[in-house]
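Beneath this line is the structure, given in structure tokens, with notes to follow.
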Amino acid sequence: MARRRTPRVSVIRLTTGHTARTLHHPYSWEPMLTLDFGATSLLITTAGPATSRDVEFARQLAREAIRFARTLERTFHALPHDQRTAA
């Protein structure tokens, strides 16, 4: 991803766990991605009709999510067998 042009104002940390899940709502008028962390949900959608910037953001999000998943898989498989917990 490209460097930020504006400084980060705040950071919100949402930790995964047994209640965390992701949902895609493919509404034709406004596609929405939901990251649900129990009592807290993060909704990602566009501000209006989809633009090329929206498409690029979605692709970046997908690439970073794949990288995140691969890193977690490597970390999980590197743990001693008795420290692994299945979901």
Side-chain angles (χ1 to χ4, degrees):
M1 288 179 74
R3 276 188 83 141
R4 288 184 171 280
R5 293 185 184 149
T6 57
R8 199 175 281 177
V9 176
S10 62
V11 174
I12 299 171
R13 180 179 177 164
L14 300 171
T15 306
T16 62
H18 71 280
T19 61
R21 62 189 181 137
T22 59
L23 301 166
H24 170 240
H25 306 281
Y27 305 127
S28 60
W29 67 92
E30 188 175 282
M32 187 182 313
L33 177 65
T34 304
L35 305 178
D36 193 0
F37 297 88
T40 303
S41 292
L42 173 65
L43 304 175
I44 300 172
T45 188
T46 62
T51 66
S52 61
R53 285 185 173 189
D54 296 327
V55 173
E56 181 54 31
F57 174 80
R59 289 179 178 154
Q60 288 176 357
L61 181 62
R63 282 192 300 266
E64 294 303 314
I66 289 168
R67 291 177 63 192
F68 178 67
R70 287 179 180 154
T71 301
L72 285 177
E73 289 169 350
R74 281 194 301 271
T75 303
F76 176 77
H77 291 297
L79 290 172
H81 191 66
D82 61 340
Q83 291 184 8
R84 296 181 192 178
T85 57

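The first residue in the sequence is number 1, and the count goes up from there.
- Hydrophobic clustering (ILVMFWY, side-chain heavy atoms < 4.5 Å, transitive): L23 and L61 are in distinct clusters.
- Taking CG of L43 as the start and CE of M32 as the end, the distance is 5.5 Å to the nearest 0.5 Å.
- One finds the NE2 atom of H77 at 10.5 Å from the CG atom of L72 (value rounded to the nearest 0.5 Å).
- The neighbour count for H18 NE2, taken as heavy atoms of other residues, nucleotides or ligands under 6.0 Å away, does not exceed 12.
- Residue R21 places its CZ atom among 12 or fewer non-hydrogen atoms of other residues, nucleotides or ligands, all under 6.0 Å distant.
- Remark: T22 engages L35 in a side-chain contact (heavy atoms from CB on, under 4.5 Å) (not counting sequence neighbours).
- Contact check for I12 versus T40: no side-chain heavy atoms found under the 4.5 Å cut-off.
- By the side chain to side chain donor-acceptor pair (under 3.5 Å) test, S41 is found to be paired with D36, residues two or more places apart in sequence or in another chain being considered.
- Of the charged side-chain nitrogens involved, at least one lies within less than 4.0 Å of a carboxylate oxygen, so that R67 and E64 count as a salt-bridged pair.
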Is there a side-chain contact (heavy atoms from CB on, under 4.5 Å) between F37 and T19? Walk through the geometry before answering. CA-CA 6 Å; F37 297 88; T19 61; 5.6 Å; no

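- Qualifying salt bridge (charged side-chain N to carboxylate O under 4.0 Å, His left out) partners for E73, counting only residues two or more places apart in sequence or in other chains: none.
- Under the side-chain contact (heavy atoms from CB on, under 4.5 Å) criterion, R74 pairs with R70, T71, not counting sequence neighbours.
- Residues satisfying the ring pair (Phe, Tyr, Trp, His ring centres under 6.0 Å) criterion with Y27, sequence neighbours excluded, are H25, W29.
- The line from CD1 of I44 to CG of L42 is 4.5 Å long, rounded to the nearest 0.5 Å.
- Taking the salt bridge (charged side-chain N to carboxylate O under 4.0 Å, His left out) definition, one finds that D54 meets it with nothing, sequence neighbours left out.
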